[in-house]
Amino acid sequence: MEYKIVVMPGDGIGKEIAEGAVSIIKKIEEKYKHKFTINYADIGGIAIDNHGTPLPQKTIDMCKESDGIILGAVGGPKWDHLNGDERPEKGLLNIRKELGLYTNLRPAIVYEPLKEASPLKSEIIGEGLDICIVRELTGGIYFGEKGVKEDGTAYDVLSYNEKEIRRIAIKGFETAMKRNKKITSVDKSNVLESSRLWRKIVIEVSRDYPEVELNHMYVDNAAMQLLINPTQFDVILTMNMFGDILSDEASMITGSIGMLPSASIGEKYGLYEPIHGSAPDIAGQDIANPIAAILSAAMMFKHSMGLTEEGTAVERAVEEVLNEGIRTRDIYTDSAKLVGTKEMVSLIAEKISSW
Ligand code: IPM
Ligand code: MG
């Protein structure tokens with residue numbers, strides 16, 4: 001089959017890790033005899049430098065014609081002086097909104113050989129920890145009215161309407177149905193009005209999924225429970241900002257933030273990116289972990305293209321390389337084999353062609 005893929009490397013380590021994902025995509029193309037047309041587009045800081053805006057119209061148009069989108073990361077100190085709408089991050093927020101990508105799936109899976117790389121004790125991580133955070137991505141405080149008043153007060157409005165909550169709740173329950181049929185809806189309904197509506201709608205939606213066990217948790221408690229008893233979770237369903245924070249926390253259970261991929265999906269399009277940022281401090285040094293970007297490509301194969309076998313092959317290649325003790329610096333522990341970004345990518349690619 002023929003597929004159009006748009007790659008937006010962005011800034012910092014975004015370039016290196018997106019290139020890693022591209023190498024793996026090409027390996028899959030070769031092995032499974034597909035035709036992937038890969039086009040590059042600018043987003044974030046690089047787009048500000050090249051086009052004077054973090055999200056050029058051309059990038060949006062290209063994404064709208066694609067079958068799948070890969071993004072590296074955006075942002076860096078070079079653009080930190082810019083305010084509000086001019087920042088690189090605004091490019092990412094706007095493309096999510098433009099493409100209607102309201103569902104963000106962030107799976108946190110612990111690979112057995114990486115247990116030692118986790119800061120948590122191995123008895124806490126247990127066996128086969130596998131959590132999926134379902135984060136609302138186009139609403140909430142990220143997109144509410146914001147500004148600075150005359151007296152200098154800064155504000156960001158947090159609001160959700162029923163429709164926004166219902167559609168992400170449905171995605172949460174659908175995700176749970178394909179997994180262990182357990183949802184923890186995370187909110188702050190003891191304080192926030194928008195969370196009280198969130199809880200009400202989630203309960204309503206749950207009536208259509210009687211097989212799924214639903215429980216509710218306040219976000220502060222959820223942050224703690226992730227550290228003391230992470231195996232209690234299957235699907236965590238939550239609003240935009242809580243999902244941002246909890247997914248960084250969950251990533252560390254797996255050993256490194258460099259391990260977590262994500263899928264941002266709407267009715268029509270799919271954008272796939274690591275959950276980590278552009279890490280300007282280690283950019284260009286061939287030490288970044290490309291696995292989150294590579295696993296994001298695996299998610300693209302599965303979710304946007306229906307290429308389940310191809311996606312699974314990528315995941316299996318990553319697992320085998322980790323089983324052999326090969327590690328980038330962020331997941332390195334004693335007696336492992338330390339490799340750079342490029343070598344990690346080529347070892348994963350070799351696995352795919354070896355079968
Ligand atoms: C993420 C990132 C983004 C977010 C930033 C870069 C805007 O932290 O994808 O988790 O907050 O959503
Ligand atoms: Mg984040």
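Ligands are counted one by one from 1 in listed order, and the atoms in each one are counted from 1 as well. Values below: all heavy atoms of this structure, side chains included; hydrogens, waters and symmetry mates excluded.
The residues Lys121 and Glu123 are annotated as not salt-bridged, no charged nitrogen and carboxylate oxygen being separated by less than 4.0 angstrom. Lys178 has no carboxylate O lying under 4.0 Å from a charged side-chain N of Glu174, or vice versa, which leaves the two without a salt bridge. Looking at Glu112 and Lys115, a side-chain N of the basic residue comes within less than 4.0 Å of a carboxylate O on the acidic one, giving a salt bridge. For the pair Glu86 and Lys90, the salt-bridge criterion is not met [side-chain N within less than 4.0 Å of a carboxylate O]. Under the 4.0 Å criterion applied to side-chain N and carboxylate O atoms, Lys337 and Glu324 are not assigned as salt-bridge partners. A salt bridge does not link Arg196 with Asp187: every distance from a Lys NZ or Arg NE/NH1/NH2 to an Asp or Glu carboxylate oxygen is 4.0 Å or more. Salt bridge absent: Lys78 and Asp11 never bring a charged side-chain N and a carboxylate O closer than 4.0 Å.
Among protein heavy atoms, atom 4 (C) of ligand 1 sits closest to Tyr142 OH, 3.5 Å. The nearest heavy-atom contact from the protein to atom 5 (C) of ligand 1 is Leu92 CD2, 4.3 Å.
Clustering ILVMFWY residues whenever any of their side-chain heavy atoms sit less than 4.5 angstrom apart, transitively, puts Met224 in a cluster other than the one holding Ile236.
Under 2.8 Å from the Mg ion (ligand 2), one finds the following protein N/O/S atoms: Asp244 OD1.
Using bins of under 30°, 30° to 60° and over 60° for the plane-to-plane angle, the ring pair Phe173/Tyr209 lands in the parallel bin.
Between Arg135 and ligand 1, at least one pair of N/O atoms sits closer than 3.5 Å.
In this comparison of Leu260, Val74, Asp244, the heavy atom closest to atom 2 (C) of ligand 1 sits on Asp244. Taking all heavy atoms of Arg96, Arg106, Glu89, Lys90 into account, the minimum distance to atom 12 (O) of ligand 1 is reached by Arg96.
At a 4.0 Å cut-off, not a single heavy atom of Arg87 sits close enough to ligand 1 to count as contact.
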